[in-house]
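Have a look at the structure below, then the notes.
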There are 2 protein chains.
Amino acid sequence: MARRPAAGTRIPSIKDVAAAAQVSVGTVSNVLNRPELVSPATRDRVERTMADLGFVRNESARQLRAGTSRTLAYVMLDASNPFFTDVARGIEEAADELDLSLFLCNSNSRASRESSHLARLQQQRVQGILITPVDAESEGLAEIARRGTPVVVVDRTRRDADLCSVSVDDRRGGRLAVEHLIELGHRRIAFVGGPLSIGQVRDRIDGARAAWRAANRPADALVHVPTDALTVADGTAAGARLLAQSSRRRPTAVFCANDLVALGVLRAALQAGLRVPDDVAIVGYDDIDFAAAAAIPLTSVRQPRVELGRTAARLVIDEATNVAHEHQQVVFEPDLVTRASTLGVR
Amino acid sequence: MARRPAAGTRIPSIKDVAAAAQVSVGTVSNVLNRPELVSPATRDRVERTMADLGFVRNESARQLRAGTSRTLAYVMLDASNPFFTDVARGIEEAADELDLSLFLCNSNSRASRESSHLARLQQQRVQGILITPVDAESEGLAEIARRGTPVVVVDRTRRDADLCSVSVDDRRGGRLAVEHLIELGHRRIAFVGGPLSIGQVRDRIDGARAAWRAANRPADALVHVPTDALTVADGTAAGARLLAQSSRRRPTAVFCANDLVALGVLRAALQAGLRVPDDVAIVGYDDIDFAAAAAIPLTSVRQPRVELGRTAARLVIDEATNVAHEHQQVVFEPDLVTRASTLGVR
DNA sequence: AGGCGCCGTTGAAACTTTTCAAGTGAGGCC
DNA sequence: GGCCTCACTTGAAAAGTTTCAACGGCGCCT
C-alpha cells in the first residue's frame, strides 16, 4: 500500500508534498484550492503524493491566513434537556448547508462555565456564537459582539435590540396552557417550576396568571410551587408535596414550567395513586419527544425547536457575512398540543 | 470607559498591543505566557493596554506555532439519547481538569456525517478524538491514529488492540437482565431492539440467549422483535405489535435493547391496558434518568456512563502526551437496577 | 577601574497556508 | 527570426503567536 510516515513522525505539510512531487508549494496549494489552474498531469501527481504521504490540511494555518474560521458554536444551557439538543439539531442543519462545522458547548446553567466557553470561542475566532444564556441581559454578550464576533441569543429575547435573538413567546405559551385548563373547568391550579431567575420560567408564569385573571379567577387559586431546577427529580419532589394535600385543597390541574418537571409531577401523581387526568390534569412545556411517549401522554406547549435553531443559525451567518445586517428579534408563536394528560382517553 | 476599536475594525494583535504599550512583541507574549519573567511595572502597563484595546489572543496562530490544539472532540452516535450526553459529561469533567475544550459532534448514526466530522477534526489538529463509532471495526479509525491523532473508541470494544477502547460488557448486561427474569419465573420472554448492525444490540441479545440457554429454557421461548432504530417511537410500535397477541402467546416479560425502546414498550403496554409488571414485566438498558422517572420506574441495566467518558478522556490524553503509552481495552461491568417494572410495588 | 552575573527586554526565526505578481516556455503569427 | 499570447508554475510575502539567543544596564566583587 501507500508509504506512510512512521508513528511519531510530524504530519507532512504542503512543503513536504511539494518536495516529494517536485513542484512548488504554490502549486500544491493551487491543487487544493483552484485545481482548474493546474495541468491535469501535475494535479494527478500532486494528489497521489498527498495520498501517499497522508497529508492533512492544517486548519490553523488556513485560518490564520484567512482571518476567520469555518465554525459556528452553540453554547447550550443544559445538554441533558432534549429541548436543547433539538435546537442544536436545527442549528446543525443550517450549518451543514453552508459547510460550516458546529462546536457544541454546555454551560450547564453555570455562569462561570459559560464565560470560559465564550472566552475560548472568541480566541478560536469562530464565525459566530449562538447561545442560550444564563442571563440574557448580560453586558458581556454585547461586548463580544462589539469585538467582532456575532452573537445571537437563542430562546430568550433581549430587551434592548443590540443583539439578534430568536425566541418563542413564553407569556403566550403560559396563557395557552391555562386557557385550556380554564376551558376544561378547572378552578384550582398550580404552576410548578423555578427558579424565577430563569427568564423562561418568569414569562410562563406571568402568562398563566394573566389568563387566570382574564377569566376572573381569584389569584390565590393559582399557586406557584417553586423548584430549584427544571429537572425530573425536582418535579417529582414538588409533585409529591403538592399532591399529598387533601383532595379538597389539592389543585385539579398542574401546569409545569417544562416537560421534565411535568414528567416528574406525572410520576408523583401515579405513585400517589391519583388518576390522570381525572384526579389531576397535567400540562407540560416544550413538547419534547418524551412528552408524547410518557405513560400518560402529556398535553404540552409546543415550541418550534428545530426551526428556532435553524433561524438563529441563519441570523448569525447573516451578521457575519452581510455588511448591511440589521439586528432582529424573531419571536415564534407556541401552540398547545392536547393529549391524554388533560383530556383522558377519548 | 476603555477605548475600543470601532465596529468593523480588525481585532488588535499582539503587535498592536506592543506598539501601544511601547514594548516589543516578545514582551507582550511573555506577559501572556510567562508573566514571572516580566517586571511588575511593564506587566501592568501591558495588561492595561490589552484590556484597553480589547485584545483577544488568536488561537490559530498559537496552535500553528505549537503544532497542536488544546481541544478534545467527542463524536457521539446520537445526541438525543441521554446516555450519550451523560458520557459527554464525563469527558467534559476530565477535559476541564486539564483545561482542554471539548468539541461535541453528532454523527446521528450516519457513516457519512461521521467521516466528515472526522476529516474536520484532523484538520483542526485536535489533541485527540473520542468516538462512539457507527462501525467499531472501521479501518479509517486506525488510519487516523496512524496519522498522529489519538483515537479512543467509546462504548465499543475493538477486536484487535490497535486502538484504545472503553466499554461496558454488553453480553454480561444481557445475561444479568435475563437471569433476573428467569429468577422471577418468566418462561416466555422477548428481546426488543435493532438493528443488529449495532454491535451493542448484538452483544446484548447474545448475552440474553446465553443466560436463557444456561437455564435450559427452549430457544424459541425467547423471541427477538427487531426495530429499525433504538427510539421511543420504534419501541412503542414494536411493543404494540408484540403485546396485541393473545395472553397465551404473549411473552410475560420484555427485555429491551435500551431504555428509550423500553419506555416505548412500557407505553404500549399501558395503552393496551396491561398491568406492569403483573401482565408484562419490562427491563431496559442504560439506566438513563428517564428510566427511574418513568410512570412505572424501569428495571434497567446500569452502565457507568460518566465514568466511561472520564476514563476515555484520560486514555486519549495519555496517548497524546505520554510517549510510553500502550493501548488498553477497558471493560466496565454493568449491574442491574431493579425497580417496579419487574418487581411491582413492594 | 575592570570584570562578572543577573534581570529585563529585544528582535528574528519558525510554524503552515494562501495569494499574487512575476517568470518560463511552447506555440502561433507575421 | 522576432514577437505575442497563453497556460502553467514559481517564489516571496503575509497572517499572529511563541521561543530563544543575544543584548544592554546595573550592581557587586575584587
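Since we're looking at a predicted model, the values are computed, not measured.
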Ignoring backbone atoms, establish whether [X] has a side-chain N or O less than 4.0 Å from OP1 or OP2 of [N].
| X | N | answer |
| --- | --- | --- |
| B/N58 | D/dT17 | no |
| B/R34 | D/dT18 | no |
| A/R10 | C/dT16 | yes |
| A/T27 | D/dT10 | yes |
| A/S39 | D/dT9 | yes |
| B/T42 | C/dT9 | yes |

In whole angstrom, give the distance that lies between atom [atom1] of [X] and atom [atom2] of [N].
| X | N | atom1 | atom2 | result |
| --- | --- | --- | --- | --- |
| A/R57 | C/dT17 | CZ | P | 9 Å |
| B/N33 | D/dT19 | CG | C1' | 10 Å |
| A/Q22 | D/dT10 | CD | P | 10 Å |
| A/Q63 | D/dT17 | CD | P | 13 Å |
| A/D16 | C/dT17 | CG | P | 9 Å |
| A/K15 | C/dT18 | NZ | C1' | 14 Å |
| B/I14 | C/dA13 | CD1 | P | 18 Å |
| B/L64 | C/dA13 | CG | C1' | 13 Å |

Margin query: Using heavy-atom distances to pick each residue's nearest nucleotide on DNA chain D, tell me which of A/P40 and B/E59 is more 5'.
Written below: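 Looking at DNA chain D, the more 5' nearest nucleotide goes with A/P40.
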Check: Is a side-chain donor-acceptor pair under 3.5 Å present for B/S69 with B/R125?
Finding: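 The criterion, which ignores hydrogens and geometry beyond distance, is not satisfied for B/S69 and B/R125.
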Margin query: What I want to check is whether the side chains of A/S167 and A/R156 have a donor and an acceptor closer together than 3.5 Å.
Written below: no
Check: A/D44: what forms a salt bridge (charged side-chain N to carboxylate O under 4.0 Å, His left out) with it, not counting sequence neighbours?
Finding: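 Partners of A/D44 by the salt bridge (charged side-chain N to carboxylate O under 4.0 Å, His left out) criterion come out as none, since no residue qualifies.
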Notebook entry, point to check: Could you give the distance from CG (B/D86) to CD (B/E307), rounded to the nearest 0.5 Å?
Noted result: 13.0 Å
Could you check whether [X] gets within reach of a base, just the sugar-phosphate, or nothing at all, counting any heavy atom under 4.0 Å?
| X | answer |
| --- | --- |
| B/G67 | nothing |
| A/V28 | nothing |
| B/S13 | sugar-phosphate |

Checklist line | Base C/dT18 to side chain A/R65, donor-acceptor N/O within 3.5 Å cut-off | finding: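 Donor-acceptor pair under 3.5 Å: yes.
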Next item on the list: Could you say whether B/E36 or B/A61 is positioned toward the 5' end of DNA chain C, judged by the nucleotide with the nearest heavy atom to each?
Entry: B/E36
Check: Does a side-chain N-to-carboxylate-O contact under 4.0 Å join B/E114 and B/R110?
Finding: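 No, no charged N to carboxylate O under 4.0 Å.
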